[in-house]
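To start, the structure under review is shown below, and the notes come after it.
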Amino acid sequence: MALSRLQLPKWLDQQTSLQVDHPFTLSCILIFFTLFMVWLANRYRTKKLTNNLPPSPPKLPIIGNLHQLGSLFHYHIHILSEKYGPIMLLHLGSVPTLVVSSPDMAREIKATHEIVFANRPRTTAMNMLLYGCTNIVFSPYGEYWARLRKISAMELLSNRMVQSFRYIREEETALMIQKITCLSSAQSSVNLTQLLKTLTNDTICRCALGRKHGEEDGKMNRADLAVELVKMMSTLCVGDLFPRFGWIDKITGWTGRIKKLSKDVDMYLDQIIDEHIIQNNKDDPQYNQDFVDVLLQIQKNDINFTRQNIKALILDMFIGGTDSTYKTIEWTMAELLQNPNVMRKAQEEVRKVVGTNKKVEEDDIQKMKYLKLVVKESMRLHPVSGINIAESSKATNVKGFQVPAKTPIFLNYWSIQRNSKSWERPEEFIPERFTNNAVDSGGQDFNFAPFGLGRRICPGKSFALSVVEFTLANLLYWFGWKTVGGEKLDMSEAFTSTICLKMPVHLVAVPYFS
Ligand code: HEM
C-alpha cells in the first residue's frame, strides 16, 4: 500500500525506532536490500549480455537445437550456419555452444582473442579416460600444458626426431607392401583401411614405446583399444548435455562402460611403463632409449611429474596420431580412385623420381611436388580433424557478439575449407589449385588449417606428413589400383571422433613390377 506524504515522516520514525530496538531486523533488511540490488545488477548485466548473443536457430525446450543435428555433425552445423551466419550459438541440450564457420571469425577466435580461447572443453568421458584431462590435448593453456608440449616436441615430434625414425617408417611400410603383394598374388582384394590402421599404429608404437603393441594375448587388439578410446572419448553422455541429469548415465550403463575401458587402458599403460623400468634396470648398452624412457628419466628428477602424467602423455600420441594419420591416407587413396587423371599424374611422378631403384627413399619425397599437392588437396576437402574445438575462459566480445565464459566453441574447418568465397569449385578434388598458391598448413592461414591454428596447432604435423607421404609414395609406386568389381567407391562420410569414410576401403592391387 502506498504511503501518503503526511504519513511518511511518521513511518520513517517508526522504522528507525524498530531498527534501534531490533538489531536482527536491521541486518535482515540490509541483507535483503543488498541481495535485491545484486539481483537487479545481475539482471541488467545478463539482459545486456543476452541482447548481444550471436544468432541462434529457434530451439525447443530441454533439447535446445539437438533435433536439428544429425549423425553428420560437421555437415548439419554447416547447413545451419549458411542460414544463421558464420558465428552462431547452438544449444546442445542445455549447453550453449558457439559455432564458427568463416575464416574471418576463425581469425577472431584463433588470433585476436587467442589466449581467451586457448582452452578446450572437456566431456565426462575425457575426464574419466584421460586422467582428469592432464594430457596435452585437453589440459588448460598454461605452464603445465607448455611443459608437456615442449617435452613431446623435443623428444618425439621434432624434425630431428622424425628423421631419426626413418628406418621404422621404411620397415613398417615394406611390411605393408609385402602383405599387399601376397594378397594380390592370391587374387584377394585388399582391406586398405585395416592395413593403414595397423601401419600407423605400429609406427607410432615403435617410435614412442619402443616396440609394437598389436594383437596380443588374445585380448583386445591394442590398435583397437586406441580406436575405441578415441571413439568413446568424443561421445557426449546425458550429463554433458543436461548436467542435472548426469545420474541417468549410471542407470544406462554408460558410466560402467567408460570405467571398464579406462581400467583396460590403465592396465595397458602400466604394463608399458613397467616393461621400460625393468629394461632400464638392466643397463643394456645396446638398448635404444625411447620416448617412455625419457619420460621416466624426467620423473626421476621431478617428483611433481607423476606416473599419471606419463600415462596421459603416452595417450596423447595415440589420440592425436593414429586415427588422423591413417584416415588422411585413406581419404587420399579414395580420391585418387575417384580421379583417375590425378592418380595417373601422381603415379607417373613417383615412378619417375624413384626410377628403377625399386625402393622409395625418403629423400625422394622432397622431389615429389605433385604428390605433396595431392595430400594438401586431400586435407582441404577431407580434414579428418575438421571440427577444431576450443573454450572461452572468460566472457568476451567477438565482432560485436557476446560470448559468455566457459562456452564450448566448434570451428568448422570442414565448412571453411569448402567455402566458395575462398575456393574455386570447392567440392572438386583439384590438387593443381595449390600449384602457385602459397597457402600452407602452418597455422597462419585462416582459409586452410588441417592441423589447426595458433598456439595449440598440432605438434605432430611433421611426424604425420612423413608417414602420410611416404606411405602414399609406396602405394603408388608398387601397385596399380582398382575398385573391387569396377564398382564406384562409396565416398559417404561418417562423423565419429574424426570425419572419416563411412565404409572401409577395399581395393584390388595390381603389381606394377611383375
Ligand atoms: C594427418 C594427421 C594429423 C592431423 C590432420 C592432425 C590434426 C590436428 C588438429 C586439427 C589439432 C587441433 C589443433 C588446434 O586446436 O588448433 C591437433 C592437435 C594435436 N595433435 Fe594432431 N593431427 C595429426 C597427427 C598427429 C600426430 C601424428 C600426433 C602425435 C603423434 C598428433 C598430436 C597432437 C596433439 C598432442 C595435439 C594437441 C595440441 C594441443 O592442444 O596443444 N597429431 N591435431
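Ligands are counted one by one from 1 in listed order, and the atoms in each one are counted from 1 as well.
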query = Parallel under 30°, tilted from 30 to 60°, perpendicular over 60°: which one fits the rings of Trp414 and His78?
reply = perpendicular

inquiry  = For Trp423, does the six-membered ring have the charged nitrogen or CZ of Arg380 within the cation-pi criterion, i.e. under 6.0 angstrom from the centroid and within 45° of the normal?
reply    = yes

inquiry  = Residue-level breakdown please: for Leu157 versus ligand 1, do any non-hydrogen atoms fall below 4.0 Å on the side chain, on the backbone, on both, or on neither?
reply    = side chain

inquiry  = Applying a heavy-atom cut-off of 4.0 Å, say which part of Val137 lies close to ligand 1: side chain, backbone, both or neither.
reply    = both

task = Would you mind running through ligand 1 and noting each atom that sits below 4.0 Å from a heavy atom of Thr328?
result = 1 (C)

ask   = Taking only heavy atoms of Ile136, which atoms of ligand 1 are found under 4.0 Å from at least one of them?
value = 39 (C), 40 (O), 41 (O)

ask   = For atom 40 (O) of ligand 1, what is the nearest protein heavy atom, given as residue, atom name and distance?
value = Arg120 NH2, 2.8 Å

message = Parallel, tilted or perpendicular, judged at 30° and 60°: which one describes the rings of Trp481 and Phe479?
response = perpendicular

Atom indices of ligand 1 within 4.0 angstrom of Met379 heavy atoms, with elements = 1 (C), 5 (C)

ask   = Does Ser393 reach the main-chain N or O of Val116 with its side chain, forming a donor-acceptor pair under 3.5 Å?
value = yes

ask   = Listing by chain and number, what protein N/O/S atoms are under 2.8 Å from atom 21 (Fe) of ligand 1?
value = Cys458 SG

ask   = For ligand 1, which atoms have a heavy atom of Asn388 less than 4.0 angstrom away?
value = 14 (C), 15 (O), 16 (O)

task = Would you mind telling me if ligand 1 is within reach of the side chain of Ala208, the backbone, both or neither, using heavy atoms under 4.0 Å?
result = neither

key: Ligand-residue contact atoms, ligand 1 with Arg149, heavy atoms, under 4.0 Å   = 38 (C), 39 (C), 41 (O)

inquiry  = Between Asn309 and Tyr131, is the side chain to side chain donor-acceptor pair (under 3.5 Å) condition met? List the steps.
reply    = CA-CA 8 Å; Asn309 296 149; Tyr131 303 96; over 6 Å; no

query = Out of curiosity, is Trp145 lining ligand 1, as in a heavy atom under 4.0 Å away?
reply = yes

inquiry  = Pairs of nitrogen or oxygen atoms closer than 3.5 Å, one from Thr325 and one from ligand 1: do any exist?
reply    = no

Atom 14 (C) of ligand 1 [closest protein heavy-atom partner, distance rounded to 0.1 Å] = Arg456 O, 3.2 Å

task = Please could you name the atoms of ligand 1 that Met317 approaches to less than 4.0 Å, counting only its heavy atoms?
result = 29 (C), 30 (C)

key: Atom indices of ligand 1 within 4.0 angstrom of Pro450 heavy atoms, with elements   = 5 (C), 7 (C), 10 (C)

request  = Assert yes or no for the condition that the ring centre distance of Phe451 to Tyr413 is strictly below 6.0 Å.
outcome  = no

task = Kindly assign one of parallel, tilted or perpendicular to the pair Tyr141 and Trp145, based on the angle between their ring planes and the thresholds 30° and 60°.
result = tilted

request  = May I ask you to decide if the ring planes of Phe495 and Phe73 are parallel, tilted or perpendicular, using 30° and 60° as cut-offs?
outcome  = tilted

inquiry  = Any salt bridge linking Lys259 with Asp264? Criterion: basic side-chain nitrogen under 4.0 Å from a carboxylate oxygen.
reply    = no

key: Backbone or side-chain N or O of Lys110 under 3.5 Å from ligand 1 N or O   = yes

inquiry  = In terms of relative ring orientation, are Phe434 and Phe448 parallel, tilted or perpendicular, with 30° and 60° separating the classes?
reply    = tilted

Structural part of Leu453 in contact with ligand 1, heavy atom criterion under 4.0 angstrom = backbone

request  = Quick one: look at Tyr413 and ligand 1, take heavy-atom pairs under 4.0 Å, and tell me if it's side chain, backbone, both or neither.
outcome  = neither

task = Determine yes or no for a side-chain-to-main-chain donor-acceptor pair under 3.5 angstrom, with Asn191 supplying the side chain and Gln194 the backbone.
result = yes

key: Verdict with reasoning, Glu349 to Lys345, per salt bridge (Lys or Arg N to Asp or Glu O under 4.0 Å)   = CA-CA 6 Å; Glu349 179 191 69; Lys345 216 169 149 182; over 6 Å; no

CG-CG distance between Leu229 and Leu130, expressed to the nearest 0.5 angstrom = 6.0 Å

